[in-house]
Amino acid sequence: MNLRYIPFFGCMISAKYPQFEAAVRKTLPRLGIELVDVEGFSCCPDPIYFKSSDKLTWLTLAARNLCLAEEAGLDLVTMCSGCTATLSETRHLLTGDPKLKARVNRRLQRIGRTFRGTIRVRHIVTVIRDDLGIDKVAQSVTRPLEGMRVAIHYGCHLLKPSRVMSVDDPDRPTILEDLVAAIGAEPVSHQERVLCCGKACMDEEMPAQMTYDVLASVEKLNVDCMGLICPTCFDEYDLGQLKLARKFGKRFDIPIIYYFQLLALAQGFNPEDMGLHWHKIKAPKLIEKLGAVAG
Amino acid sequence: MAKIDFNFRKKLNAMIGGELHSYCFQCGACVGDCPAARYSPRFNPRRIMLQAILGQADPLLAEDSVIWECTNCYNCYERCPQDVRPVEVIMALKNMTHKARTNPQQVNDMVKAVQETGRTVVLTSVVDRRRGEMGLEKMGDVPMDEIRKLMQTRFH
């Protein structure tokens with residue numbers, strides 16, 4: 001199989017958490033996946049605030065991004081759950097509704113582009129599972145993360161709406177557990193594993209309560225870190241822990257790590273090369289354990 | 001007895017996804033797994049759908065509307081046996097608040113950011129330096145002429 005895809009990193013990863021982009025770019029070649037960059041992408045655009053303003057404009061800007069990939073003729077691969085939500089839903093709506101597609105294409109005519117629906121939008125984890133095979137992830141590991149307990153957090157938009165995202169069973173997902181097990185770590189389920197992080201709720205108090213409950217549910221399980229795949233969830237749980245300390249005087253001190261950073265560690269990259277020192281919650285114990293594994 | 005405002009419903013039906021509210025038969029399947037309902041006593045997606053059916057513009061489109069407490073988790077979309085997609089109806093209502101200029105400032109800020117830079121996150125010098133340290137290329141330019149043309153609601 002020809003494993004070539006156009007990467008869509010989005011704003012959060014590229015402009016806020018470049019360590020995630022670096023982790024993806026460093027680990028995928030070792031899996032035999034090639035990324036073919038395309039110029040000119042804008043924000044996906046954001047499926048919460050921007051979509052709240054005007055769905056037609058949201059669909060049109062998203063369709064423009066899809067057009068760029070169509071012109072290059074390869075499937076898009078997304079690394080951010082928000083970008084996945086926007087681009088997958090746009091493709092789903094426009095290919096299923098000729099009238100809506102015509103409305104969007106009328107706007108796209110202004111810049112001489114047409115959405116055709118000729119390429120797919122894939123989240124990177126589905127590419128790894130379905131096109132590559134998770135066993136290939138295990139084969140790329142040179143430093144298995146043995147003895148490392150990783151609490152899994154899915155976040156909402158990777159999985160739902162399930163008929164649009166087509167990633168996994170939204171109530172009983174296993175894909176992240178399988179990916180964590182493939183790098184030799186122990187995936188740990190927690191009570192609030194499918195609770196929303198709360199970041200998209202525009203209330204002052206509710207998101208903090210939700211973040212607190214998820215972290216409290218993880219805290220009981222004596223894990224080395226929380227592993228996740230969504231930069232928005234990351235924001236909420238990493239920076240969020242500082243906010244919770246101020247708000248409730250509670251320090252969880254649970255390192256939050258993007259899956260591809262974990263994969264990079266398992267492929268032998270150093271923690272500082274993966275930007276772990278830039279996270280608000282540092283992971284000295286995890287790094288020490290990693291040293292023990294390596295030694 | 002509540003009087004139905006069909007004029008409001010007509011406007012809601014014209015929004016993308018707004019028409020779906022008509023299929024709601026008030027079963028409440030959307031409520032059980034709703035995180036916003038779990039954390040806020042005033043948030044109830046079934047009730048929001050009922051208010052949409054009745055055409056109650058006032059509470060729904062007001063500046064302090066409960067719709068902004070939606071966490072956008074899509075559980076209601078999964079659960080609804082009628083394919084109402086309450087989260088999308090709520091999104092259509094949010095689009096109506098944008099027209100009525102009663103939406104929260106954060107939405108306008110995000111639109112402005114995309115209008116000006118094509119992105120929603122501003123690249124700081126710190127992150128730009130980090131990209132270099134990690135061996136990543138500079139972030140590419142967004143062709144803003146294209147973005148601005150597409151964002152105009154009226155185009156000549």
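All chains are named by letter (A, B, ...) in the order of the sequence lines, taking the proteins before the strands, and each is independently numbered beginning at 1. Keep in mind the model is a prediction, meaning the values are calculated, not measured. No hydrogens, no waters, no symmetry mates; every other heavy atom, side chains included, goes into these values.
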[X] versus chain B, heavy atoms under 4.5 Å apart: side chain, backbone, both or neither?
{"X": "A/Gln19", "result": "both"}
{"X": "A/Lys26", "result": "side chain"}
{"X": "A/Glu39", "result": "neither"}

Could you tell me which portion of [X] (side chain, backbone, both or neither) has an atom closer than 4.5 angstrom to a non-hydrogen atom of chain A?
{"X": "B/Val111", "value": "both"}
{"X": "B/Leu136", "value": "side chain"}
{"X": "B/Glu133", "value": "side chain"}
{"X": "B/Val122", "value": "backbone"}
{"X": "B/Gln115", "value": "neither"}

Considering only NZ, NE, NH1 and NH2 on the basic side and carboxylate oxygens on the acidic side, decide whether [X] and [Y] come within less than 4.0 Å.
{"X": "A/Arg110", "Y": "B/Asp145", "result": "no"}
{"X": "B/Arg42", "Y": "A/Asp203", "result": "no"}
{"X": "A/Glu89", "Y": "B/Arg85", "result": "no"}

Give me the atom names and distance for the closest heavy-atom approach of [X] to [Y].
{"X": "B/Ile16", "Y": "A/Lys55", "result": "O-NZ, 2.8 Å"}
{"X": "A/Ala200", "Y": "B/Asn72", "result": "O-ND2, 3.5 Å"}
{"X": "B/Ser40", "Y": "A/Met206", "result": "CB-SD, 3.5 Å"}
{"X": "A/Gly40", "Y": "B/Pro143", "result": "O-CD, 3.4 Å"}
{"X": "A/Arg107", "Y": "B/Leu150", "result": "NH1-O, 2.8 Å"}

As a test of understanding, state which of B/Leu123, B/Asp128, B/Val127 forms a side chain to side chain contact (heavy atoms under 4.5 Å, CB included) with A/Pro18.
B/Val127
For the [atom1] atom of [X] and the [atom2] atom of [Y], what is their distance to the nearest 0.5 Å?
{"X": "B/Met151", "Y": "A/Phe50", "atom1": "CE", "atom2": "CZ", "value": "3.5 Å"}
{"X": "B/Thr120", "Y": "A/Asp46", "atom1": "OG1", "atom2": "CG", "value": "5.5 Å"}
{"X": "B/Met91", "Y": "A/Lys51", "atom1": "CE", "atom2": "NZ", "value": "4.5 Å"}

Does atom CG of A/Asp169 have more than 12 heavy-atom neighbours, drawn from other residues, nucleotides or ligands, at distances under 6.0 Å?
yes
Please check: side-chain N/O of A/Lys160 versus main-chain N/O of B/Cys73, any donor-acceptor pairing under 3.5 Å?
yes
Can you tell me if B/Glu78 uses its side chain to pair, donor with acceptor, with the backbone of A/Ser162 under 3.5 Å?
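It does hold such a pair.
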